[in-house]
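One structure is given here, and the rest of the page talks about it.
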Amino acid sequence: MTTFSDLGLAETILRALKSEGYETPTPIQAQAIPPLLEGRDLLGIAQTGTGKTCAFATPLITRLLQFPENPRSRQTRVLVLAPTRELAAQIGDSFKTYGRFAGLRVATIFGGVGFGPQVQALSRGLDVLVATPGRLLDHMAQGNLRLDGTSAVVLDEADHMLDLGFVVPIRKIFAKLPKRRQTLFFSATMPPEIATLAAEMLHQPVTVSVTPVAKTADRVAQRVILIEAKRKREALVDLLQNPDFRRSIVFTRTKRGADRVASALVEAGHAAEAIHGNKSQNQRSRALDGFRSGRVAVLVATDIAARGIDVDGVSHVVNFELPEVPEAYVHRIGRTARAGAEGEAISFCDHEERDLLRGIEKLTKQTIPTTDLRLAPNAAGETLPAEKKPDARFGRPNGVPAVKRSAPRRDGERRRAPRPSGEGRPRQGEAQAKRR
Ligand code: AMP
């Protein structure tokens, strides 16, 4: 079996990996590290949870050490672009962790926080800069950063960048990079727009593909609970009484929904917090730190806020509402069963969501085991009235007319496709976000 020391990484990195407790490289690490150390371009088809950050960070740090050079003021030797603040912060932390014995200058910049400290970090010059595209362009426009001395660039979660309308900013950034450079391009999915972008940016790349998105993590046990929409909160409170739910992420479709579910949980005595794009950076960091430390047992999140949350030991993912886009289901349940652990994903599915469940089962080529709670009595001992009893797994309750997907929900909130631009709001190309 391949070991980290077989791969040719710098000694200081091997030490850091050892102190992190990494024993064997994950498949993407074993396949990507050797060509990256040779300076090759890479097209990585991989989602978070595969170990991709270590797969790109460790060879890039090794190359920085092999070609020692003092970073010049307002320049960065390596640039990593990430779609969200959370992901940028995590990648920055990973570079610091893997490079902790290498003495590198690493900085992370993103929007929603002050410019001052970022300007200072840039003015000293950097080995590694991790940035979200909008704030990076702001700094470039203000003359705080030039990219003509950058020798390697990583574009992470390219498909997510596309969803957020970041393609135009990315093209602007790439136009300022030297033609001769090493380029790494990662995406969980490869729709035609992404393949075109990759072809433009990469030069004779090595392609590494791990766990295609349609294949859900094998170690995640999945089940669906068929339930009336209005009984979901009560059922969630019940579910979380189980002490096996040590560290759980609950997904809602909207930010308001996340707030409401989190409040209901807190009221029922659970240590829960909501995380979404309307929260300040400080609030988000506090919630995430609490979740990591165990102070917060339940994080209630929207898809975009949760993407890139890298917390080991998540025991359960609960889909309070199913996502509109089936691929998001795969990303959601990938939050658990990370780094070799086991996990469970439970999805509430109400009557209006049955088509979404079918879409997920089609994409993941599986039938998810189902428990039907629609006839179970609630806490008050009530069941559905007889004429509303469901007549089949997804059948409408007898005599109940079909509800149009766009009908207002009982709680007055209109069901609609998620607005990816609501969080980490891009300035340009928003129309692209409507791709799905
Ligand atoms: P990523 O796919 O980069 O988001 O990484 C997923 C998680 O796996 C992170 O928590 C890493 O710390 C962890 N990880 C990455 N590579 C390894 C490895 N070789 N052994 C154990 N854990 C790892």
Side-chain angles (χ1 to χ4, degrees), residues 1-10 13-34 36 42 44-62 78 80-100 106 108 128 130 154-160 184-189 208-213 215-220 247 249 288-289 291-294 299 301 305-315 317 330-343:
M1 198 196 285
T2 317
T3 64
F4 279 111
S5 35
D6 296 335
L7 294 176
L9 294 168
I13 289 181
L14 295 179
R15 259 200 290 151
L17 293 178
K18 201 165 172 197
S19 65
E20 280 300 291
Y22 293 12
E23 285 169 7
T24 30
T26 65
I28 193 167
Q29 291 160 7
Q31 291 172 59
I33 292 172
L36 287 177
L42 180 97
I45 303 164
Q47 58 197 61
T48 53
T50 52
K52 71 180 157 83
T53 316
C54 171
F56 67 74
T58 55
L60 290 178
I61 299 171
T62 301
V78 168
V80 183
L81 292 169
T84 61
R85 301 178 266 192
E86 279 78 18
L87 186 63
Q90 273 165 26
I91 296 171
D93 287 347
S94 296
F95 269 96
K96 286 176 193 155
T97 303
Y98 304 137
R100 81 164 73 127
V106 179
T108 307
V128 179
V130 187
V154 181
L155 185 67
D156 199 13
E157 295 203 349
D159 50 353
H160 195 195
L184 288 64
F185 189 109
F186 289 90
S187 190
T189 55
V208 173
S209 172
V210 293
T211 16
V213 73
K215 188 170 176 297
T216 42
D218 294 336
R219 290 186 308 272
V220 184
R247 185 177 279 166
I249 304 181
L288 265 179
D289 289 347
F291 192 54
R292 272 199 195 95
S293 71
L299 204 58
R307 195 142 173 183
I309 290 179
D310 175 18
V311 179
D312 292 339
V314 172
S315 60
V317 164
V330 182
H331 290 299
R332 287 180 178 190
I333 74 164
R335 305 289 110 208
T336 181
R338 293 164 82 83
E342 308 236 318

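Read the numbers this way: they start at 1 and go in the same order the structure lists the ligands and their atoms. Numbering of residues begins at 1 and proceeds along the displayed sequence. In this text the structure is predicted, and so the values were computed from the model without any measurement.
Residues that satisfy the side-chain contact (heavy atoms from CB on, under 4.5 Å) test with Thr53, not counting sequence neighbours, are Phe56, Ile91, Ser94. Shown here are the side-chain contact (heavy atoms from CB on, under 4.5 Å) partners of Asp6, two or more places apart in sequence or in another chain: Thr2, Thr3.
The distance criterion of under 3.5 Å between nitrogen or oxygen atoms is met by Gln29 with respect to ligand 1. Not a single N or O atom of Cys54, backbone or side chain, sits closer than 3.5 Å to an N or O atom of ligand 1. Distances between N or O atoms of Thr24 and those of ligand 1 include at least one value under 3.5 Å. No N or O atom of Tyr98 sits closer than 3.5 Å to an N or O atom of ligand 1.
Within 6.0 Å of atom CD in Glu23, 12 or fewer heavy atoms from other residues, nucleotides or ligands are found, so the atom counts as exposed in its surroundings.
Between atom NZ of residue Lys52 and atom OG1 of residue Thr26 there is a gap of 11.5 Å, rounded to the nearest 0.5 Å. Atom-to-atom distance recorded for Thr97:OG1 and Tyr22:OH is 7.5 Å, nearest 0.5 angstrom.
Heavy-atom proximity to Gly51, at under 4.0 Å, picks out these atoms of ligand 1: 1 (P), 2 (O), 3 (O), 5 (O), 15 (C). The Phe4 neighbourhood of ligand 1 comprises atoms 19 (N), with distances under 4.0 Å to a heavy atom of that residue.
The proximity of Phe56 to ligand 1, defined as any non-hydrogen pair under 4.0 Å, does not occur for either the backbone or the side chain. Contact annotation for Leu17 and ligand 1: no heavy atom of the residue comes within less than 4.0 Å of the ligand.
In this structure, the side chains of Thr108 and Asp93 stay at 4.5 Å or more apart for every pair of heavy atoms.
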